Each structure stands twice: as C-alpha cells, then as structure tokens.
There are 2 protein chains.
Amino acid sequence: MKTLEKSTPCELCMSRKFSLFSNLSEPHLCHLSDHKNFITHKKGQILFYEGTKPLGVFCINDGVVKVFKTASNGKEQIIRLAKKGDFLGYASLLGEESYSNSATIVEDAKICFVPRESFIKVLGEDTEFHRRVTKALCHDLGIMEDKLTDATQKSIRERLAFTLLKLSETYGIDGNEGEKINIILTREEIAGLVGTATETVIRLLSEFKKDELIDFEGKKILVLDKRGLARLSDFYG
Amino acid sequence: MKTLEKSTPCELCMSRKFSLFSNLSEPHLCHLSDHKNFITHKKGQILFYEGTKPLGVFCINDGVVKVFKTASNGKEQIIRLAKKGDFLGYASLLGEESYSNSATIVEDAKICFVPRESFIKVLGEDTEFHRRVTKALCHDLGIMEDKLTDATQKSIRERLAFTLLKLSETYGIDGNEGEKINIILTREEIAGLVGTATETVIRLLSEFKKDELIDFEGKKILVLDKRGLARLSDFYG
DNA sequence: TAATTAATGTGATATTTGTCATGTTATCTA
DNA sequence: TAGATAACATGACAAATATCACATTAATTA
C-alpha cells in the first residue's frame, strides 16, 4: 500500500467540478468514492508506461502530469499536460488497448485511481456520463488534428510561440509585469511539447527574450507581449 | 434531391460487415435503412467543409475519401483516407462541434448519409454499439498520437517511406513485380499525407525509384522493396 | 483538335533546424 | 560542504527541406 492519506470523498471533491465526473448521481459518486484509491505523487514519479495494460483511470485532484510518447530516436513527444480535474488513461482503457503513452508527474500531484470495474460500471449505468466521455474523446480528437497540422505546416518558432501562449492560457497568473507561466518545465520538456531539439528551444527562448516578448523569473517564464507571440505563432494575426 | 439510385438496404450491405454497424440488431438496421440517403459522388466533389455543422454521419459503401485540414499557409494536411466501411463525421457530430476538417472524394464513391437523429437514436438504444463507437474513437486517438510523434520526430524521407508502406498495406494488390498501390494520388496529395512540400515528394519518390524501392505504373506506385522502405522509415529496422 | 489548365519535374538557393562538442551554472545528494 | 549530476547555454557545422522560378508533360475542356 502506498501513501495513505485522508482522501476527500468524490462527493466533496472540488476538482471534480471541472471534470467529467461533474454531473454524476449521488449513488454513483459514492460507489466511486468507495472504490477509488487516493495517492500522492512526487515530481518525477511515473504513473504508467506505454505498452502496459490499463487497470483503471486516473483522476487528477491536484498537480500536473505530462503524457508523452517516446519516439524511436529516444526523444519524448509530449501529447498533453494534464491538470486538476483531468482524466488520464481512459482512452486506452476504453479502446481496450495497452497504454499508447506514458505519464509522469511534472508537479507534485494528488491523484485518484478508479479501478476499471467501477469506471465501466458507472459508464454503463449512466448513459449521460457515457455521452460526456464520448464527447470529450471527440474533442480530444479535434485537438490532435490541429496539433498534427501545426506540426507539419508550421515552423518551430511559430510552434514555440503558440505553445507559450497556450501555457500562459492554462497556467498563467497575472503579475505586475506580464503574465507568469506558473509551472516549471525544463527546456527539454518544452522541446518535447513543441516537438523539437532542446538546443533549439534554448536559442529561440533567448531570442524571444531579446525581442522582449518574454522574460524569465527564476525557472518560470513571463509572457510580456501576448500579441507579439500571437503574431509570431501564425501567418495571420 | 441528388443522384437517385437503387440503394442497398443496410441489412444486405456488404461493406457494413467491416464497419461499426456490423453488429446492429435487425430493427435498428431497418431504421437506418429507412432514413438513410444513398448518394453517388464523383472524384473531386466535396462531402463537407471544415467549420460547418454536421447533420449526420457518412458511411462509405465504396470509394475513397480524403479527410483533411487546411493549414494557415493554405496547404492541406490529410488526416486520413477513408474507404469502404469507414464512417465520416461522427467525431464532430458526437463532439457537438463544427466539422474540424473537410472531406472530398478521391475515388468515385457511394456513400450513405445517416441523419443525426437516426444515428443518435441507435446510439442511445444500443449500448453495445455506443461502446464500439467509443472504442473506435479511442483507437483513432492513439493513431493520432503516433502521427503527431512521427511528424515531429521523423524526417520527411522516413515519413514518406512509412506512408508508402501504409498505403500498400491498405490499397496494395499483388502483381508480378511488387505490390501495386491501387489508388491514384497526386504528388500534392501524397505531400498532404506526409506533411511536406510537393516538390520534396517528387524528389524523394524519384530517389526511391532510383534506389529500386518503388517503381511507377501509370499514375500508380509499385512497391518493389518493402523491407527497404521499412528500413528507411524508422531508425530501427 | 486547339487551347487551357493541372500535374510533374528540375535547378538554384536560402534558411531552418538538428547534431556535436564543450563550457558554465544550478541542483541534488552522499 | 564537496562531488556528482542535471540543466542551461553557445558555437560551429552539416543536412534536410522549403521556396521560387521555370520547363515539360498530361489531362481536360471549349
């Protein structure tokens, strides 16, 4: 048994509000609460590996998790960063396949694990929930199409600028000078997000800083000029 | 009303056997048959445009359809080629969003259109069918992750070699000298599939031909050396 | 069939980006 | 706190690929 801790019951979980579990019935919530497993994870820990069999779904209560594929050249392509309220591993579970990707903790996380049986049970009994899951999958598919198109048709500079904008959208907090991307990512991880080499990210970030589009505050990035980044990130502003 | 033609009822449709509709009950099949719309499409015609609202799903009885996104530089990124038995437009429909991509006919096609209401009705009444649709979506998601990773981490040469292998897997017919990819794609379309410039495809194809990996027969490509292409398509053979 | 348009092919060139080598700084850990 | 390791940084360089311009061939249409 791993880290035992007082785990919030699903009925009272705040992060549930933003999740696919948001509209579940009382009995279903209780069922999940009774069967889930609450675990605290430290940065760097591994949630699951590509190629292994999913035994349930993960529901992030707090923290950040990176979902990535390891390419044949050894580099990590980050598929997405998952945060509070996000689900992990449900696509592989419902696709009845092995994990198509791996997941590791980027920021200390509290994660609930809902075993396969409970998840499937709720899915089968609550049609509305199944519909929402399907809808989420469809949405994710659209996002992946966008990412693929960007990957093949845009330059690294454009993609990096776009990535910074997206990060500031999700993790940005206002400061006196620009918006701070309140998450620590290594240059290598940013490279994995963009799909490029680490050195290229380092060089482009310095360039962006020189052009006063961004600045650094410790290990975090300040977005100074969103409009400028937006202009850089696309052919059309 | 468009091209009226004798349309096979779903119960007797052969291409249904390979499709998501394969295991539907008799009444549901009849319901679909009664409400579907059978249309013959010529090469070049448009099925739907990105940004418009889906009114139902398309089910391909015969032919080939390309599903693509138009990037901001005007180039087409082909998401997938859909063939007999494949569904189109269900992700946007179920995601309750506008079409995330466009679709046009690559090879003369016979396509059934199932209106939204009928599809949703069957989905709601047949849980098993809903499960299969979900499973298909999850599978597609995994494929998109692979494509994204390939797009960012592999060279154009590798991706083109891989694309040819995939095409021969799907559209290949055995001949006396190698396998013929029995579908006509322009170099521009192959470029859209790979995610590169047309000229690059032309040059690389000539190179592949010079290296006796492929040959041309009219507008079609013969795959002479699968093993060679496989070696080219990945760092590991 | 002529005229037009689309598709294919080729050359020249510039640029972006990856790779390798190496150094510096920060962070972790024994 | 010293030593080890990871992260960041920079230069030099090669290679892959996009772009532009233009020529040729094939396909379509008037």
Side-chain angles (χ1 to χ4, degrees), chain A residues 42-45 66 71-77 104 106-108 149-163 183-210 214-221 232-233 235, chain B residues 42-45 66 71-77 104 106-108 149-163 183-210 214-221 232-233 235:
Chain A
K42 287 269 160 210
K43 181 174 180 164
Q45 288 188 331
K66 68 171 166 183
S72 45
N73 59 5
K75 286 191 186 166
E76 288 182 2
Q77 173 63 41
T104 70
V106 166
E107 297 221 315
D108 292 0
T149 307
D150 282 354
T152 60
Q153 307 293 352
K154 285 183 170 179
S155 71
I156 304 288
R157 176 178 282 101
E158 289 172 323
R159 275 146 61 194
L160 178 59
F162 189 70
T163 299
I183 177 182
I184 295 181
L185 294 170
T186 65
R187 304 291 141 113
E188 193 177 359
E189 282 169 331
I190 296 176
L193 222 35
V194 174
T196 184
T198 307
E199 294 93 326
T200 304
V201 166
I202 291 172
R203 278 185 250 266
L204 286 174
L205 283 181
S206 318
E207 184 190 314
F208 287 1
K209 178 179 169 167
K210 203 189 64 194
I214 62 170
D215 199 355
F216 305 127
E217 187 182 294
K219 302 207 78 79
K220 292 178 179 169
I221 296 174
L232 256 189
S233 74
F235 299 136
Chain B
K42 288 271 161 211
K43 181 174 180 165
Q45 288 188 331
K66 68 170 166 181
S72 46
N73 59 5
K75 286 190 187 167
E76 288 182 3
Q77 173 62 41
T104 70
V106 166
E107 297 220 317
D108 292 359
T149 307
D150 283 354
T152 59
Q153 307 293 353
K154 285 183 168 179
S155 70
I156 304 286
R157 176 179 281 99
E158 288 171 323
R159 276 146 61 193
L160 178 60
F162 189 71
T163 298
I183 177 182
I184 295 180
L185 295 171
T186 65
R187 303 292 140 110
E188 193 176 359
E189 282 169 332
I190 297 175
L193 223 34
V194 173
T196 184
T198 308
E199 295 93 324
T200 304
V201 166
I202 291 172
R203 278 184 250 265
L204 286 174
L205 283 181
S206 319
E207 184 190 314
F208 287 0
K209 177 178 170 169
K210 204 188 65 196
I214 63 170
D215 200 357
F216 305 127
E217 188 182 294
K219 302 208 77 80
K220 292 178 180 170
I221 295 174
L232 257 189
S233 74
F235 299 136

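All values below come from the heavy atoms of this structure, side chains included, with hydrogens, waters and symmetry mates left out. These numbers were taken from a predicted model, which means no experiment stands behind them. Every chain is numbered from 1 and lettered A, B, ... according to where its sequence line falls, protein lines coming before strand lines.
Nearest heavy-atom pair across B:Lys219 and B:Ile184 is CB-CG2, 4.0 Å. Of all non-hydrogen atoms in B:Ile156 and B:Gly195, the two that sit nearest each other are CD1-O, 3.9 Å. Contact record, A:Ala151 with B:Ala151: CB-CB, 4.1 Å, taken as the closest heavy-atom pair. Scanning all heavy atoms of the two residues, the minimum distance from A:Ala71 to B:Thr149 falls at CB-CG2, 3.8 Å.
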List the atom pairs, donor and acceptor, that lie under 3.5 Å between side-chain atoms in residues 198-209 of chain A and the rest of the protein, sequence neighbours left out.
{"from": "A:Ser206", "atom 1": "OG", "to": "A:Ile202", "atom 2": "O", "distance (Å)": "2.7"}
{"from": "A:Glu207", "atom 1": "OE1", "to": "A:Arg157", "atom 2": "NH2", "distance (Å)": "2.9"}
{"from": "A:Glu207", "atom 1": "OE2", "to": "A:Arg157", "atom 2": "NE", "distance (Å)": "3.0"}
{"from": "A:Glu207", "atom 1": "OE2", "to": "A:Arg157", "atom 2": "NH2", "distance (Å)": "3.0"}

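Remark: P of D:dT17 and CG of B:Asn73 are 17 Å apart, rounded to the nearest angstrom. Going from atom CD of A:Glu158 over to atom P of C:dT15 covers 16 Å, rounded to whole Å. Whole-Å rounding puts the A:Leu185 CG to D:dA6 C1' distance at 16 Å. If you measure from atom CZ of B:Arg157 to atom P of D:dA15, you get 12 Å, rounded to the nearest angstrom. In this entry the distance linking CD of A:Gln153 with C1' of C:dT16 reads 16 Å, nearest Å. Atom NZ of A:Lys210 is separated from atom C1' of D:dT10 by 14 Å (rounded to the nearest Å). The distance between atom CD1 of B:Ile156 and atom C1' of D:dT19, rounded to the nearest whole Å, is 14 Å. Here C:dA7 presents its P atom at 16 Å from CG of B:Leu205, a figure rounded to the nearest Å.
With sequence neighbours excluded, the residues forming a salt bridge (charged side-chain N to carboxylate O under 4.0 Å, His left out) with A:Lys42 are A:Asp108, listed by chain and number. Every side chain to side chain donor-acceptor pair (under 3.5 Å) that A:Thr152 has, sequence neighbours left out, goes to B:Gln77. With sequence neighbours left out, A:Lys66 forms a side-chain contact (heavy atoms from CB on, under 4.5 Å) with A:Phe68, A:Glu76, A:Ile78, A:Leu81, A:Thr104, A:Val106, A:Glu189. Taking B:Lys43 as the reference, nothing meets the side chain to side chain donor-acceptor pair (under 3.5 Å) condition, with sequence neighbours excluded. Evaluation of the side chain to side chain donor-acceptor pair (under 3.5 Å) rule for B:Glu188 yields no partner, not counting sequence neighbours.
With values rounded to the nearest 0.5 angstrom, B:Lys75 atom NZ is found 6.0 Å from A:Gln153 atom CD. Here B:Leu185 contributes atom CG and B:Ile221 contributes atom CD1; the two are 7.5 Å apart, rounded to the nearest 0.5 Å.
Side-chain atoms of A:Arg187 lie closest to D:dC8 of the nucleotides D:dT17, D:dT10, D:dC8. Proximity note for A:Glu188 (side chain, C-beta onward) versus D:dA7, C:dT10, D:dT19: the nearest is D:dA7.
Listed pair B:Lys75 / D:dT19 meets the phosphate criterion, a side-chain N or O lying under 4.0 Å from OP1 or OP2.
Contact check for B:Lys154 versus A:Ser72: side-chain heavy atoms found under the 4.5 Å cut-off. Residues A:Lys220 and A:Ile183 form no side-chain contact, since every pair of their non-hydrogen atoms from C-beta on lies 4.5 Å or further apart.
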Check: protein-nucleotides 28-30 of chain D nitrogen or oxygen pairs below 3.5 Å:
none

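Taking every heavy atom of residues 194-204 of chain A and every atom of DNA chain D, pairs under 4.0 Å involve A:Glu199, A:Ile202, A:Arg203, by number.
Across the helix from C:dT1-D:dA30 to C:dA30-D:dT1, the helix axis at one end is tilted relative to the axis at the other end by 50° (nearest 10 degrees, each axis from five pairs).
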Base versus backbone protein contacts along nucleotides 25-30 of chain C [heavy-atom cut-off under 4.0 Å; B, S, -] | --S---

